[in-house]
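Written below as structure tokens is the structure these notes are about.
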Amino acid sequence: MNTPYSFDHNAFAAALQSTYSHLTDGEESGVVVKVAGRVMLMRTQGKLAFATLRDSSGEIQLFALAAVCEDFENFAKLHLGDWVGVTGEVVRTKRGELSVKVQSWVQLAEALHNFGDKWAGITDYDLRYRHREADLWANPASRQSLARRSDVVRSIRERCWAAHFTEVETPMLNAIATGAAARPFTTFHNALDSEFFLRIAPELWLKRLVVGGFERVFELGRVFRNEGVSPRHNPEFTMLELYAAYWNYEDMMAFTEELVAGVATDVLGTTEVEYQGRPFSFAAPWPRRTMAELASDAVGEEVSVHTARARLVELLNDRGVEVHASWGAGRCLAELFEVTCEESLWNPIFVTDFPVEVSPLARRHQGDPELTERFESYAAGRELSNGFSELNDPVDQRSRFEEQARLGAAGDLEAMRIDEDYIKALEWGLPPTAGLGIGVDRLSMLIADESNIREVIAFPTLKPLRD
RNA sequence: GCGCCGGUAGCUCAAUUGGCAGAGCAUUUGACUCUUAAUCAACAGGUUCCGGGUUCAAGUCCCGGCCGGCGCACCA
């Protein structure tokens, strides 16, 4: 294939559609433009040919007349999917379609495969995800969902910058996988002769930067968790984490709801949307309810982290949950909340005051040392964000890690390990600080009205093909 | 990892009770000077996901495997 190395393109389909909307049927503008894109449809009619050209902005018709169009015969033989660059006058055809009347054209690249059925596109999930490049042309909705994700990321960055957060990058290769409860991927560095883990969260590194004097930091990046794949889970996903010195969890809740509502406004122009056919509102402020309140409402009796463990176990068993011997009352309460409440939380809500037992990095609650100043926001029945007043006492942090180590020894594969470097960092002094984590893919799903996380990930993790 | 469902032409889909594997679009060829998913005519296109089995006969039934969707589990 002998094709050009460049094309001097100066117009986009969507811009032409709006700029020349005034042209009347059969009117010629006298303006010659150069457009480029893929031929998505071709209608030939003897000495005439009409092609639908699609570029990144939209579509415009190419109108070729044998008498005017250079090498008309081959133009009419272009395949659907071929890339072309076209020079021609902007006109409106007699039948009212804004078009570029082809004077000269060049095939920029050939499509050896087609882009699916003209009507149905490509529907096979395997083909769509393994060959997203084809899916993007075959299914405009796929392109829109990924574009929405990009808009979400841009909005997050701009809003964090506007609030004076510094964007930083921390290691993905970690000697200890920590900062969250999850199983890691492992890998090996040959020259250092050391095992490494892909990060499951950037949390501890970011707080070390706060110790170092970066008072407001954020990182927008990939984390990796060696867990199940589902419509709401991809093994690698994108997390926003941010930390603000001198804030507590109340301050961070206020920031979170403003951030998320702001992203919705930036991307969709409104906070009032439909998600999966149901009205959904991002509007701030979001209600705040404690975990104990919500669980109590759900089970019809007063429960809290101080309820007798045996009673919590009964309530869990009644709901088919098997309780492990290592779970204390705090873990039992958190489980009870998850099974009774989580799915019913539709519009965004902050669930607050998590038990210490399930929050090894969060600061104890000022009103109850068995609780932490921690919140999670829930939306559409799923966790959207997680944040807390950060534990900054190195002695308490060490005892929390030691408790985690006990759980690990007892077989909990997701328990954290003791991170001595992190404890030493806290010994240098972490000011009062609040932190936040938001699942960017989950947020993008809400914004793009997608129920499957793969629709907002360009190349989701798939099982490699084998024989 | 477990359960349920699915995999037929390049794409989207049919195929009755186990009885000749089909259509539309795309491709190829031809007709056509205003089409809009153009239209019309013709040709071609198959390891029915892979491997076994049952049967006179398997896309269809049985067993095993591969990949996907959904649910469960884990989690965000």
Side-chain angles (χ1 to χ4, degrees), chain A residues 25-26 39-52 59-69 72 76-81 91-99 101 111-131 134-135 137-139 179-184 200-201 222-241 320-322 335 338-339 342 358 376-386 412-414 437-445 451-454 460 462-467:
Chain A
D25 292 359
V39 173
M40 299 308 288
L41 295 169
M42 175 70 82
R43 302 172 288 278
T44 63
Q45 184 158 340
K47 298 280 190 282
L48 284 181
F50 303 89
T52 300
E59 294 183 347
I60 190 158
Q61 180 169 268
L62 303 177
F63 171 39
L65 261 170
V68 176
C69 176
F72 174 83
K77 287 181 184 167
L78 282 169
H79 284 171
L80 302 191
V91 303
R92 191 175 296 282
T93 60
K94 288 181 201 167
R95 293 292 180 87
E97 187 72 27
L98 190 73
S99 307
K101 189 172 174 184
L112 298 179
H113 305 290
N114 68 30
F115 288 99
D117 188 84
K118 269 200 282 196
W119 317 349
I122 297 172
T123 61
D124 182 75
Y125 288 105
D126 203 41
L127 182 58
R128 288 188 52 225
Y129 297 147
R130 287 188 200 279
H131 289 285
D135 174 47
W137 288 100
N139 302 308
R183 300 176 64 176
I200 57 175
R222 206 68 62 84
V223 297
F224 306 85
R225 298 187 184 177
N226 204 340
E227 289 161 352
V229 176
S230 87
R232 285 163 295 275
H233 301 84
N234 198 62
E236 50 178 308
F237 63 100
T238 299
M239 181 118 91
L240 167 70
E241 281 207 15
V321 179
E322 194 182 325
E335 294 288 335
E338 279 182 29
V339 298
E342 183 168 338
V358 295
E376 284 188 351
S377 70
Y378 285 82
R382 291 284 160 176
E383 184 185 340
L384 177 64
S385 72
N386 179 24
D412 184 344
L413 296 168
E414 284 145 22
I438 294 182
V440 173
D441 312 81
R442 292 276 177 85
L443 177 58
S444 299
M445 289 167 69
S451 62
N452 191 320
I453 197 168
R454 296 183 181 95
L462 295 173
K463 199 163 179 175
L465 292 176
R466 281 175 289 194
D467 292 332

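Residue numbers begin at 1 in each chain, while the letters A, B, ... track the order of the sequences.
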Using the [atom1] atom on both, measure [N] against [M] and round to a whole Å.
N: B:G59; M: B:A14; atom1: C1'; value: 12 Å
N: B:A26; M: B:C66; atom1: C1'; value: 28 Å
N: B:C61; M: B:G19; atom1: P; value: 11 Å
N: B:U28; M: B:G22; atom1: P; value: 24 Å
N: B:C40; M: B:A58; atom1: P; value: 39 Å
N: B:C62; M: B:U54; atom1: C1'; value: 7 Å
N: B:G6; M: B:C49; atom1: P; value: 13 Å
N: B:C43; M: B:U60; atom1: P; value: 30 Å

Expressed as a whole number of angstroms, how long is the span from [X]:[atom1] to [N]:[atom2]?
X: A:Leu41; N: B:A38; atom1: CG; atom2: P; answer: 4 Å
X: A:Leu62; N: B:U36; atom1: CG; atom2: P; answer: 16 Å
X: A:Leu80; N: B:G24; atom1: CG; atom2: P; answer: 18 Å
X: A:Met42; N: B:C25; atom1: CE; atom2: P; answer: 17 Å
X: A:Tyr125; N: B:C70; atom1: OH; atom2: C1'; answer: 10 Å
X: A:Leu127; N: B:C13; atom1: CG; atom2: C1'; answer: 15 Å
X: A:Arg183; N: B:A73; atom1: CZ; atom2: P; answer: 17 Å
X: A:Arg232; N: B:G71; atom1: CZ; atom2: P; answer: 5 Å

When you get a sec, tell me which of [options] is the closest nucleotide to the side chain of [X]?
X: A:Lys463; options: B:G71, B:C25, B:C67; answer: B:C67
X: A:Lys94; options: B:A73, B:G68, B:C34; answer: B:C34
X: A:Ser230; options: B:A76, B:A73, B:C25; answer: B:A73
X: A:Glu97; options: B:C34, B:U36, B:G24; answer: B:U36
X: A:Ile453; options: B:A76, B:A38, B:C11; answer: B:A76
X: A:Thr93; options: B:U36, B:G68, B:G24; answer: B:U36
X: A:Lys47; options: B:C34, B:U27, B:U33; answer: B:U33

Are [X] and [Y] side-chain neighbours, meaning at least one heavy-atom pair lies under 4.5 Å?
X: A:Gln61; Y: A:Arg43; result: yes
X: A:Lys94; Y: A:Asp25; result: no
X: A:Pro184; Y: A:Asn226; result: no
X: A:Glu227; Y: A:Ile200; result: no
X: A:Arg442; Y: A:Phe237; result: no
X: A:Thr52; Y: A:Val39; result: no

With both distances under 3.5 angstrom, what nucleotide forms a Watson-Crick or G-U wobble pair with [N]?
N: B:G24; value: B:C11
N: B:G64; value: B:C50
N: B:G19; value: B:C56
N: B:U36; value: none
N: B:C72; value: B:G1
N: B:G45; value: none

Walk me through whether A:Met445 and A:Arg232 qualify under side chain to side chain contact (heavy atoms under 4.5 Å, CB included). CA-CA 9 Å; A:Met445 289 167 69; A:Arg232 285 163 295 275; 4.1 Å; yes
Categorize [X] for me: base, sugar-phosphate, or nothing, with a 4.0 angstrom heavy-atom threshold over every strand shown.
X: A:Asn386; answer: nothing
X: A:Leu65; answer: base
X: A:Thr52; answer: nothing
X: A:Tyr129; answer: sugar-phosphate
X: A:Asp126; answer: sugar-phosphate
X: A:Pro464; answer: sugar-phosphate
X: A:Gly26; answer: nothing
X: A:Gly46; answer: base

Can you check whether A:Phe50 stacks with the B:A38 base, using ring centres under 5.5 Å and planes within 30°? no
Please determine whether a side-chain nitrogen or oxygen atom of [X] lies at a distance below 4.0 Å from atom OP1 or OP2 of [N].
X: A:Arg43; N: B:C34; answer: no
X: A:Gln45; N: B:A38; answer: no
X: A:Lys77; N: B:U28; answer: no
X: A:Arg454; N: B:C70; answer: yes
X: A:Thr123; N: B:C13; answer: yes
X: A:Arg130; N: B:G68; answer: yes
X: A:His113; N: B:A26; answer: no

Taking the nucleotide of RNA chain B with the nearest heavy atom to each, does A:His79 or A:Thr44 sit closer to the 5' end?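 In this pair, the answer is A:His79.
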Could you check A:Glu227 against A:Ala120 and say which one's nearest nucleotide on RNA chain B is further toward the 5' end? A:Ala120
I'd like to know whether A:Thr238 forms a side chain to side chain contact (heavy atoms under 4.5 Å, CB included) with A:Asp441, so could you lay out the CA-CA distance, the side-chain angles of the two residues, the decisive distance to 0.1 Å, and finally the verdict. CA-CA 6 Å; A:Thr238 299; A:Asp441 312 81; 3.8 Å; yes
Suppose we call a contact any N or O donor and acceptor under 3.5 Å apart; does that hold for the side chain of A:Asn452 and the base of B:G69?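 Donor-acceptor pair under 3.5 Å: no.
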Test side chain to side chain contact (heavy atoms under 4.5 Å, CB included) applied to A:Asp124 and A:Arg130, step by step: CA-CA 10 Å; A:Asp124 182 75; A:Arg130 287 188 200 279; over 6 Å; no
Hey, can you tell me if A:Phe50 and A:Phe63 have their rings parallel, tilted or perpendicular (30° and 60° cut-offs)?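 Taking A:Phe63 first and then A:Phe50, their aromatic rings lie parallel (interplane angle under 30°).
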